[in-house]
2 protein chains.
Amino acid sequence: MKKARVKAVPARTRGKRGPRPRNSVTLKMVAREAGVSASTASRIINRTVNVSEELRLAVEAAIAKFGFRPNAAARGLALGKTETIGVISQAMASPFYGEGLRGIESRLLRGGYAPLFMSGNWQEKEEVRCMEELITRGVDGIIMFTGCMNDVALKAYARKVPIVVTGRTLRARRLVSMQVDDQYGAMLAMRHLLDLGHRRIAFVTGFENHPDANERLVGYRNALAAAGIPYDPRLVVAGDFHEEGGMQAVYQLMDSNIGFTAMFCVNDETAYGAGLALFRKGMRVPEDISVVGFDDLPASTYRVPPLTSVRQSVQQLGECAAEAMLQLLAGRRPLIVLPPVELVVRESTGRAAG
Amino acid sequence: MKKARVKAVPARTRGKRGPRPRNSVTLKMVAREAGVSASTASRIINRTVNVSEELRLAVEAAIAKFGFRPNAAARGLALGKTETIGVISQAMASPFYGEGLRGIESRLLRGGYAPLFMSGNWQEKEEVRCMEELITRGVDGIIMFTGCMNDVALKAYARKVPIVVTGRTLRARRLVSMQVDDQYGAMLAMRHLLDLGHRRIAFVTGFENHPDANERLVGYRNALAAAGIPYDPRLVVAGDFHEEGGMQAVYQLMDSNIGFTAMFCVNDETAYGAGLALFRKGMRVPEDISVVGFDDLPASTYRVPPLTSVRQSVQQLGECAAEAMLQLLAGRRPLIVLPPVELVVRESTGRAAG
DNA sequence: CCGGCTTTTGCAACCGGTTTCAGGAATGCT
DNA sequence: AGCATTCCTGAAACCGGTTGCAAAAGCCGG
């Protein structure tokens, strides 16, 4: 019969495999060296069942001799998982994300997983591209370290792959969200300024409708209300979460001649820009104007003057996200407590002038 | 015969596959939907041979209908490559590396590859771990964005996988190295300070024996020599490439009462620290002391005052490294020209005081 | 010394693609 | 029309692991 013939003379058993420069050591080679079958070798490596001591030693010796490392692609294919977690953040280069990524990496590695980072650059379309790419690559889960993709789309993806997302609150199966307490942080900052006697406090916000910015704005307003100070919308100006936005905000505030003695910035980078603009305008920090940031980036310690800021350890946030992902993958419902936000008082704030 | 029986009733054709929640669309499903064989579908997807228009359309329709995306692990296994480049850097969180990683990512993605980042944290042992991990994962190449692993070990790895390394000069097969012109950059910085009339210029270096630091020191000495100023070793103090080192260096310089009117720092982060320490000591920048950095990190534009620095676009360096890797993989001997270093004069430098 | 029970081990199927090989259809040439 | 080419397509081998099943081996009491 046809089949029999084919079986008898396998078509390509001896044929050279064209453009495939395989140079690596395979499990079969190890097994042959140790005088066992590939299955046994595999079982020894993964400790799936008991194997006689004798064979175990033989296989281990062979592994050491060849420096064998199992091929991840083959393993992934057979197991249906890759021990890899996709991480989507917005911008690698930013100190904020860098910190978080570092936290994610360290926790993930300890858990035996490797992170695969991709940047969305604040564009929903790019985030979708990243998602697709990561899913294609068969990652076991995806951590979205804040993103602008809408909730519905994100939930849809959660049906294909476990997801941990920071910076928003959202409930779904196989999806964990975690958000720092922005309102409370903003209130801490404001209370500090109010305690120092400031009454005219500006707030430099971020992009329109960015959830973090909005939450912090709510905290700002609540703090004012609690102190019995009326809310003046002219003191709230838009920024872009970066230095440039902070600078423009200061220029705008000064040009419109609205008096203020302190500024609360939506994040540290904005505060850096504000600091420079104030310097250009000849204002001293904190003698003339006090400045408070949010995030407490490592660089803030070394600003001139060192910046007072609301600390949310971004690195810890990253670690928590990774931890949540590990628990999710282990089939547990993650129970994560975020590190509390706290105010770090440095030298950019002082008593209100006059 | 035994074999015949097994063939007739395949052992596990109907058995459920235990812990394998496969949910993805496979090539076979697409092929069946389109009424062709898997081989044909594969050929259409990869454009490996001509296929009749009719079938092509049918397959494309099926792909669209199911939202099929080929499984990367299977592809990697069959092809012997993963379209993934491992990237080893030292610290994700650092602004310097963040910039470079961003450059690498953007170039790699345009070339159809994805980066797999891992951090070595300045420890040779960790770098080795990263290397092994990346090789296990079957990356097609590795970019080492500066590292402390010794040349010999690196060359050895180059025999297993193509490597691009920055921050050192090294020749080997399947290995490309690229290094910015540190000496020249340092000379630019020094010439600027000398032109402003400075004669007592301190140099804050990095870790002992770090090649970048040494090269920049050479530039420093050459510039002094060219200006006919004797080299005073007391003006050279060690740092750590970070803010803390810059601060300590200033304290050390001031405490030892060596007069100086300008400082050249081995990198921007060091300069930031120096700036803060000078501020604490009541010295004004640039009125009392001029400060120059190296790298021109984005944050330097927004320091108070904005920092004069030697620009080496780290992002472009990253892009170049990625470009070199792509060429290496394409089988070409990469010919890469690094962007030139240049001095960016801002407000941290001024004429030498009295 | 033998049957029943518990390991230990190997065979071969399988993961989801790619690619070789060969068969069949279509086309070219004499 | 007849035979050699060329083109298109599908069957099956293969990449390098994991694993269900069953045969083989080891252990036991009777």
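Labels below follow one simple rule: chain letters A, B, ... track the order of the sequence lines, proteins then strands, and each chain is numbered from 1.
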| field | Sugar-phosphate, base or nothing in reach of B:Ser52, heavy atoms under 4.0 Å | value | sugar-phosphate
| Side-chain donor or acceptor of B:Thr40 under 3.5 Å from a matching atom on the base of D:dC8? | no
For atom [atom1] of [X] and atom [atom2] of [N], their distance in whole Å:
{"X": "B:Ile44", "N": "C:dT19", "atom1": "CD1", "atom2": "P", "value": "15 Å"}
{"X": "A:Leu27", "N": "C:dC14", "atom1": "CG", "atom2": "P", "value": "20 Å"}
{"X": "B:Arg47", "N": "C:dT19", "atom1": "CZ", "atom2": "C1'", "value": "18 Å"}
{"X": "A:Asn50", "N": "C:dT8", "atom1": "CG", "atom2": "P", "value": "5 Å"}

From the options [options], select the nucleotide whose nearest atom is closest to the side chain of [X].
{"X": "A:Leu79", "options": "D:dT18, C:dG17, D:dA11", "answer": "D:dT18"}
{"X": "B:Arg43", "options": "D:dC8, D:dC15, C:dT19", "answer": "C:dT19"}
{"X": "A:Val49", "options": "D:dA11, C:dT9, C:dG10", "answer": "C:dT9"}
{"X": "A:Thr26", "options": "D:dG17, C:dG10, C:dT18", "answer": "D:dG17"}
{"X": "B:Asn71", "options": "C:dG17, D:dA11, D:dG17", "answer": "C:dG17"}
{"X": "B:Phe68", "options": "D:dG17, C:dG17, D:dC15", "answer": "C:dG17"}
{"X": "B:Ala78", "options": "D:dG17, D:dG16, C:dG17", "answer": "C:dG17"}

| Bend angle of the helix from C:dC1-D:dG30 to C:dT30-D:dA1, end axes from five pairs each (to 10°) | 50°
| Qualifying residues under side chain to side chain donor-acceptor pair (under 3.5 Å), relative to A:Ser94, sequence neighbours excluded | none
| task | Verify the contact: side-chain N or O of B:Ser42 to OP1 or OP2 of C:dT18, cut-off strictly under 4.0 Å; return yes or no. | result | yes
| Judged by atom type as modelled, is there a donor-acceptor pair below 3.5 Å linking the side chain of A:Thr82 to the main-chain atoms of A:Gly138? | yes
